[in-house]
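Report on the following structure.
Given the structure is predicted, the values throughout are model-derived calculations rather than measurements. Quick note: numbers below take in every heavy atom, side chains included, and nothing from hydrogens, waters or symmetry partners.
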Amino acid sequence: MGLVAWHHSSLAVSDLDAAVDFYSSAFGFRLAFREDGMSEQIRRMTGLPFLTCDIAQLRHGATGHVLELIHFHGDRQGDPHPLRPGSGHVAFYVDDLTAMLATVEAMGASRLGEITVFSDGRAVYCREPSGSFFEMEELARN
């Protein structure tokens, strides 16, 4: 049981188009995925019923690592979530999400929302005891 791979690093941004343009032009990233107006899944992951977002995932041939950019809408100041521009989280693939969630919670981490199902698997946002945010993803088993 444990970590399978580091999947992505995510940054909250104030202008998704500008951020995609910057990372594409400056570093050669290519847009791999984009969804504007994500609501149900981001609300479930964060546990914030008012939240929506526009999200883009970028890839580069030099690495298998994904750069994720998220423009959150409905942000409230003071919420303990990685929502404000400049904040972010790291995301890891794990082989057993339920078991890993139990492990990190026993170590003092707390989940922000609920385990959420996406087309490629299940994921959950967490906050570790010192305050940084991380996501764990388990790929769907075919």
Side-chain angles (χ1 to χ4, degrees), residues 3-142:
L3 181 70
V4 175
W6 187 333
H7 178 245
H8 69 261
S9 298
S10 180
L11 299 173
V13 301
S14 61
D15 183 328
L16 188 60
D17 290 326
V20 169
D21 288 345
F22 174 81
Y23 285 102
S24 297
S25 297
F27 299 106
F29 279 93
R30 303 244 185 276
L31 182 66
F33 169 82
R34 179 166 179 158
E35 182 175 342
D36 293 324
M38 179 185 285
S39 57
E40 181 184 344
Q41 290 169 318
I42 200 65
R43 289 173 181 160
R44 292 180 67 168
M45 288 245 340
T46 62
L48 299 173
F50 55 83
L51 196 65
T52 64
C53 74
D54 302 325
I55 183 171
Q57 291 185 336
L58 309 177
R59 294 189 180 272
H60 193 288
T63 178
H65 197 72
V66 173
L67 175 60
E68 181 177 81
L69 305 169
I70 305 177
H71 182 190
F72 291 100
H73 306 282
D75 177 10
R76 292 186 187 159
Q77 295 297 322
D79 282 326
H81 293 78
L83 305 180
R84 275 160 286 299
S87 64
H89 71 270
V90 295
F92 304 104
Y93 281 134
V94 297
D95 57 0
D96 184 335
L97 183 60
T98 303
M100 283 301 297
L101 186 56
T103 297
V104 300
E105 286 178 332
M107 297 173 69
S110 57
R111 96 180 72 171
L112 299 183
E114 60 187 85
I115 293 174
T116 304
V117 177
F118 292 88
S119 61
D120 58 349
R122 303 180 316 144
V124 65
Y125 279 150
C126 297
R127 184 177 188 182
E128 52 87 9
S130 72
S132 70
F133 300 96
F134 65 97
E135 177 181 346
M136 294 185 298
E137 299 180 47
E138 176 187 78
L139 293 176
R141 297 182 176 125
N142 294 331

> Pick one: which of Met136, Met100, Glu114 meets side-chain contact (heavy atoms from CB on, under 4.5 Å) with Val124?
Replying inline: Met136
> Do His71 and Asp17 have a side chain donor and acceptor closer than 3.5 Å?
Replying inline: no
>> For a 4.5 angstrom cut-off between non-hydrogen side-chain atoms, does Glu135 reach His8?
In response: yes
> Which pair of heavy atoms, one from Val66 and one from Gln57, lies closest together, and at what distance?
Replying inline: CG1-CB, 3.7 Å
>> Set out, in order, the CA-CA distance, both residues' side-chain angles and the distance that settles side-chain contact (heavy atoms from CB on, under 4.5 Å) for His89 and Glu68, then state yes or no.
In response: CA-CA 10 Å; His89 71 270; Glu68 181 177 81; 3.6 Å; yes
> Is any side-chain heavy atom of Met38 less than 4.5 Å from a side-chain heavy atom of Arg43?
Replying inline: no
> Which pair of heavy atoms, one from Phe118 and one from Ala123, lies closest together, and at what distance?
Replying inline: CE1-CB, 4.1 Å
> With a 4.5 Å heavy-atom cut-off, do Arg127 and Leu112 have their side chains touching?
Replying inline: yes
> Any sub-3.5 Å donor-acceptor pair from Ser24's side-chain atoms to Phe29's backbone N or O?
Replying inline: yes
> Heavy-atom distance under 4.5 Å between the side chains of Thr98 and Arg122, does that happen here?
Replying inline: yes
>> Could you tell me if the side chain of Leu31 sits less than 4.5 Å from the side chain of Tyr23, heavy atoms only?
In response: no
> Between His65 and His60, is the ring centre distance below 6.0 Å?
Replying inline: no
> Any idea which heavy atoms bring Ile42 and Thr52 closest together, and the distance?
Replying inline: CG2-CA, 3.9 Å
> What's the shortest heavy-atom distance between Ala32 and Arg59, and which atoms?
Replying inline: CB-CG, 3.8 Å
> Name the one of Ile55, Leu11, Leu16, Asp54 that satisfies side-chain contact (heavy atoms from CB on, under 4.5 Å) with Ile70?
Replying inline: Ile55
> Any donor and acceptor pair, going by atom type alone, linking the side chain of Gln41 with main-chain N or O of Val117 inside 3.5 Å?
Replying inline: yes
